[in-house]
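Basis for what follows: all heavy atoms, side chains included, without hydrogens, waters or symmetry-related copies.
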Amino acid sequence: MNLFTIREKARAAWAAFALPGQPRVLVGAATCGRAAGALEVKEALKKALGEHGLAESVPVFEVGCNGLCYAEPLVEVTGRDGRRVLYRNVDARIATRLVETHLVKGEPFMKRALCVVEGNPMEGLPKWAELPMIRPQERIVTRNLGFIDPDELLHYVNRGGYTGLERSLALGPEGTIEEVTRSGLRGRGGAGFPTGLKWGFARKTEAAPKYVICNADEGDPGAFMDRSVLEGDPHAMLEGLLIAGYAIGASVGYIYIRSEYPLAVTRLAQAIEDLRAYGLVGEDILGSGFSFEIKIKKGAGAFVCGEETALMASIEGHRGMPRAKPPFPAVSGLFAKPTNINNVETLAAVSAILEKGADWYAGFGTEKSRGTKTFSLAGQIQRTGLIEVPMGIPLRTIIDDIGGGVEKGKACKAVQTGGPSGGCIPGKLLDLPVDYEHLAEAGSIMGSGGMVVMDEDTCMVKVARYFLSFTESESCGKCTPCRMGTQHLLRLLDTILAGEAPPGTLEQLRGICETMKCSSLCGLGQTAPNPVLTTLRYFEDEYSHYLAGEVRRYRIEAEACEGCRACAIACPTGAITGDRKQPHIIDQDACILCGVCLQSCRFNAVSFVFEEKAAR
Amino acid sequence: MIDAPTAHSVERVHDVCRRFGPDRENLIPALQEVQETEGFLSPDAVDVIADYFGLSANNVYGVATFYAQFRYHPPGRHCLKICQGTACHVQGSGVLLDAAERTLGIRSGETTEDGEFGLEELACLGSCALAPAVVLDGVVHARQTPKKLNALLEKARS
């Protein structure tokens with residue numbers, strides 16, 4: 001089948017999906033939507049439609065995540081007037097109301113309406129593009145999320161999909177690499193190596209077969225960008241994988257994906273099957289002479305497999321341990337053949353770059369960091385979600401405008417970027433432009449895009465300990481600096497937190513960190529000290545409290561406490577006592593420091609404060 | 001409870017292996033598939049797999065134990081996994097884990113004596129925007145509190 005025929009079919013499929021005047025309902029049903037109850041909502045919608053005799057005339061589609069995760073489950077309703085209205089926090093009961101008011105009466109259900117996605121504006125409802133969370137964003141990688149049926153290749157094609165592949169085949173391998181180089185795209189997995197350059201190395205190595213790998217082993221805790229893209233628009237990445245394969249001369253592409261993402265695996269398998277049916281995978285793709293196969297490999301739960309040499313060892317069926325470089329994968333990679341590895345976001349950007357051109361893409365971002373970057377915004381922030389912003393945007397715009405500021409009106413203490421390899425950027429540096437260079441200067445890294453916001457009550461030493469406990473258990477144990485270093489750092493942090501650290505502990509911490517940074521075998525060990533180093537750099541005073549023999553305890557401020565009993569009910573050990581409407585107190589001997597009281601308090605009356613260890 | 005290894009399950013493991021070619025590349029997929037059908041990797045299953053791929057049982061254990069996914073004991077009838085990712089951590093997943101351990105009377109990684117519940121910690125699930133999250137029998141539940149979690153466990157038990 002040629003692309004012309006596929007486009008004809010796509011137009012027809014799109015008309016059935018988005019015909020003007022055709023009412024329809026879209027349910028955001030990615031993993032997070034489902035966790036919030038999207039599938040129950042879908043059932044309730046169908047039931048209500050059936051009761052009103054609309055089961056035939058109003059189709060219900062599942063779509064991916066449009067990124068407004070805080071408002072999940074999300075439902076978009078199109079009435080007969082063609083106006084598309086997005087609804088937030090829909091449950092089964094609201095779903096019934098949506099059908100009754102919007103689809104039967106023809107009036108939007110204003111109580112839960114979030115915005116008008118498309119069509120005639122409405123008083124009292126902002127447009128999609130005007131939402132505070134959306135306005136600062138540039139959606140390239142996430143261009144189709146929430147707007148197409150991810151299981152429908154033709155929807156992707158109708159939105160410009162596979163034009164990039166067509167253009168790449170016309171440009172030839174060298175021309176494609178030239179285009180990617182000119183776009184300024186750098187690896188979005190975290191390290192930021194120029195993608196075009198990387199492809200060039202793999203292209204130049206003469207050997208057959210060659211491989212391309214899509215690294216979908218999104219292991220950083222706190223990151224879900226790749227999952228969202230694969231669940232909501234798998235073809236954006238697959239087109240990029242085909243283009244990469246063509247450019248370097250590979251015949252097989254592997255997708256190495258975490259087994260923790262079962263829905264993404266299902267979507268990918270379906271997408272690959274569709275590609276085969278339309279002749280976009282297999283022999284002689286689109287009559288170009290380029291033949292390519294795609295295989296899915298499920299990870300088995302090892303963080304270190306995000307490192308490229310470890311990932312390849314895992315695909316080959318071995319323990320996922322990294323090896324020394326050189327030789328680089330471009331020379332000797334998977335099965336000792338030239339291999340190119342890119343992550344999901346990089347490949348999804350490639351398909352857009354080939355479709356719209358390098359100059360267009362390079363028009364976004366800063367001189368050294370071109371284009372856009374996706375982030376998963378999570379933690380103690382009002383609006384959590386998946387976002388995509390131009391490089392160089394101030395961190396403050398992300399936290400305050402897109403995210404709506406910290407929860408419960410508290411101050412932002414730190415923003416953690418880059419997962420266990422990254423660092424904590426203090427609240428005072430919120431004007432920092434978000435690009436590779438500035439984040440590195442601040443001691444953190446871009447990383448794959450996890451961004452976890454922490455409020456003023458967060459203990460930064462505990463944060464450092466959390467990441468170290470992660471890297472300590474995920475260290476593969478092959479090289480000594482990482483294996484021993486993570487253990488020692490963890491042990492030292494524990495003595496600090498117990499208020500038992502001897503003088504000189506901070507120097508010891510720094511020394512171990514430096515050793516690990518310069519002598520570990522792979523990125524895991526080289527970057528594992530970053531959470532410790534950045535918290536030491538910006539929050540040394542917190543370490544000093546512990547070193548002065550203080551510990552942190554939860555206290556209820558009598559003046560602020562309303563006596564609502566929320567904390568007392570929530571406390572798992574019954575350590576909180578007090579009569580209704582009277583200030584409560586915490587029995588420090590019974591307290592297990594779980595922090596539930598702080599979370600459950602609506603009056604900011606609970607604080608987590610340093611005090612003398614002896615004081616009770 | 002999943003049945004103890006029997007001649008029957010050995011035959012099933014054989015069948016699973018035969019679906020893959022005996023190339024080393026297929027070892028991990030085969031282990032995953034066997035765990036999927038059998039619930040865990042029994043010593044008998046590992047022997048069958050080792051034999052099929054022309055490796056020693058030691059080799060197979062060497063690979064399997066590297067990865068967090070594989071289990072060597074029968075899992076509980078219900079499987080509760082608590083996400084320990086960063087976002088869940090700052091939103092109180094530690095409290096959830098404590099609560100689950102107390103309610104079930106077991107530690108993370110163990111199974112209750114009656115074989116009803118297994119409790120595991122999970123590396124990030126990617127549902128960070130709706131933290132803290134847990135997975136009960138494959139279904140993700142968002143924005144959990146100890147109270148909600150206990151209600152979920154109660155419901156699963158009945």
Asks: What about the rings of A:Phe303 and A:Phe470, do their centers lie closer together than 6.0 Å?
Replies: yes
Asks: Return yes when atom CZ of B:Arg107 has more than 12 non-hydrogen atoms of other residues, nucleotides or ligands closer than 6.0 Å, and no otherwise.
Replies: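 Result for CZ/B:Arg107: open.
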Asks: Specify which of A:Lys462, A:Met454, A:Arg258, A:His318 makes the most heavy-atom pairs with chain B at under 4.5 Å.
Replies: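 So the answer, after comparing A:Lys462, A:Met454, A:Arg258, A:His318, is A:His318.
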Asks: If I measure from the heavy atoms of chain B, does A:Ser314 come under 4.5 Å with its side chain, its backbone, both, or neither?
Replies: both
Asks: Residues two or more places apart in sequence or in another chain: which of them pass side chain to side chain contact (heavy atoms under 4.5 Å, CB included) with A:Cys601?
Replies: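 Listed in chain order: A:Phe603, A:Ala605, A:Val606.
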Asks: Enumerate the side chain to side chain donor-acceptor pair (under 3.5 Å) contacts for residues 135-144 of chain B, please, sequence neighbours excluded, ordered by first and then second residue.
Replies: B:His78-B:Asp137
Asks: So which of B:Val135, B:Leu125, B:Leu27, B:Thr145 has the biggest tally of heavy-atom pairs under 4.5 Å with chain A?
Replies: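 Most heavy-atom pairs under 4.5 Å with chain A: B:Leu125.
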Asks: Can you tell me which portion of A:Asp455 sits under 4.5 Å from chain B's heavy atoms? Options are side chain, backbone, both or neither.
Replies: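 Neither part.
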Asks: Decide if atom NZ of A:Lys297 counts as having more than 12 heavy atoms of other residues, nucleotides or ligands within a radius under 6.0 Å.
Replies: yes
Asks: Hey, which residues of residues 49-65 of chain B are touching chain A, say heavy atoms under 4.5 Å apart?
Replies: B:Gly62, B:Val63, B:Thr65
Asks: If you count heavy-atom pairs under 4.5 Å with chain A, which of B:Gln84, B:Gln35, B:Lys81 comes out on top?
Replies: B:Gln84
Asks: Between the side chains of A:Ser421 and A:Asn530, does any donor sit under 3.5 Å from an acceptor?
Replies: no
Asks: May I ask you to name which of A:Gly299, A:Pro420, A:Ser600, A:Gly450 has the most heavy-atom pairs under 4.5 Å with chain B?
Replies: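 So the answer, after comparing A:Gly299, A:Pro420, A:Ser600, A:Gly450, is A:Gly299.
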Asks: Take atom NZ of A:Lys408 as the centre, draw a 6.0 Å sphere, and report whether it contains more than 12 heavy atoms from other residues, nucleotides or ligands.
Replies: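 Yes.
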Asks: Can you name the residues that form a side chain to side chain contact (heavy atoms under 4.5 Å, CB included) with A:Ser444, not counting sequence neighbours?
Replies: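 Expected list: A:Thr417, A:Ile425.
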Asks: Of the listed residues (A:Glu72, A:Glu316, A:Glu260, A:Arg383), which shares the most heavy-atom pairs with chain B below a 4.5 Å separation?
Replies: A:Glu316
Asks: With chain B, which of A:Arg34, A:Met321, A:Glu218, A:Gln380 has the greatest number of heavy-atom pairs at distances under 4.5 Å?
Replies: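 Maximum pair count with chain B is reached by A:Gln380.
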